[in-house]
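Position 1 is the first residue of the sequence; numbering continues from there. Every heavy atom of this structure was used, including side-chain atoms; hydrogens, water molecules and symmetry mates were not. Bear in mind that the values here come from a model prediction, so they are computed numbers and not experimental data.
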Amino acid sequence: MDCAHRALRDGGRFLLCQRPEQLAEILAALRAARLEPKRLAFVKNRPDAAPWLFLVEAQKGRKTGLRVEPDILIQSGAALYGPTAL
């Protein structure tokens, strides 16, 4: 996270994908590195399944405010993205 902070200009975007078990730690580490989480989406195999991945977009030097996007569904090897997929 610190490397991303040094590499980005103000307003620069950093995207990361990780397992949901790490969500709290990742969000805390982003904020500690002064990268503000702005958008979050979960990836699922089926609408009724638990997410197996999350995607987060953070921006350097921005105000707080996290928007949770609709889930991204992966079925039969093809992604079904909504209009706001990360």
By side-chain contact (heavy atoms from CB on, under 4.5 Å), which residues pair with [X], not counting sequence neighbours?
X	answer
Leu23	Leu27, Leu40, Phe42, Phe54
Arg46	Asp48, Ala49
Lys60	His5, Leu8, Asp10, Leu35

From CA spacing to verdict: side chain to side chain contact (heavy atoms under 4.5 Å, CB included), Val43, Leu55:
CA-CA 8 Å; Val43 179; Leu55 309 173; 4.2 Å; yes
What pairs with Arg31 under salt bridge (Lys or Arg N to Asp or Glu O under 4.0 Å), at least two apart in sequence or on another chain?
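Counting only residues at least two positions away or on another chain, Arg31 forms a salt bridge (Lys or Arg N to Asp or Glu O under 4.0 Å) with Glu36.
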Output all residues satisfying salt bridge (Lys or Arg N to Asp or Glu O under 4.0 Å) with Arg62, sequence neighbours left out; order by chain, then residue number.
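If we apply the salt bridge (Lys or Arg N to Asp or Glu O under 4.0 Å) test to Arg62, skipping adjacent residues, there are no hits.
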Applying side chain to side chain contact (heavy atoms under 4.5 Å, CB included) to Leu16 and Glu57, what does each step give before you reach the verdict?
CA-CA 7 Å; Leu16 177 73; Glu57 176 187 343; over 6 Å; no
Any idea which heavy atoms bring Arg39 and Leu66 closest together, and the distance?
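That would be N-CD1, 3.7 Å.
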Looking at every non-hydrogen atom in both residues, tell me the closest pair between Pro70 and Ala41 and how far apart they are.
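The pair with the smallest heavy-atom distance is O-CB, 4.1 Å.
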Taking only residues two or more places apart in sequence or in another chain, which ones pass side chain to side chain donor-acceptor pair (under 3.5 Å) with Lys38?
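Lys38: no side chain to side chain donor-acceptor pair (under 3.5 Å) contacts found.
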Residues two or more places apart in sequence or in another chain: which of them pass side chain to side chain donor-acceptor pair (under 3.5 Å) with Asp2?
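Result, side chain to side chain donor-acceptor pair (under 3.5 Å) vs Asp2: none returned.
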Could you tell me whether the side chain of Val56 reaches within less than 4.5 Å of the side chain of Phe14, counting heavy atoms only?
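SC-SC contact between Phe14 and Val56 ruled out.
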Are the side chains of Leu73 and Pro47 in contact, using a 4.5 Å heavy-atom criterion?
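They are in contact (side-chain heavy atoms under 4.5 Å apart), so the answer is yes.
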Please list all pairs passing the side chain to side chain donor-acceptor pair (under 3.5 Å) test where one or both residues lie in residues 16-28, with sequence neighbours left out.
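Applying side chain to side chain donor-acceptor pair (under 3.5 Å) to every pair that reaches into residues 16-28, excluding sequence neighbours, yields nothing.
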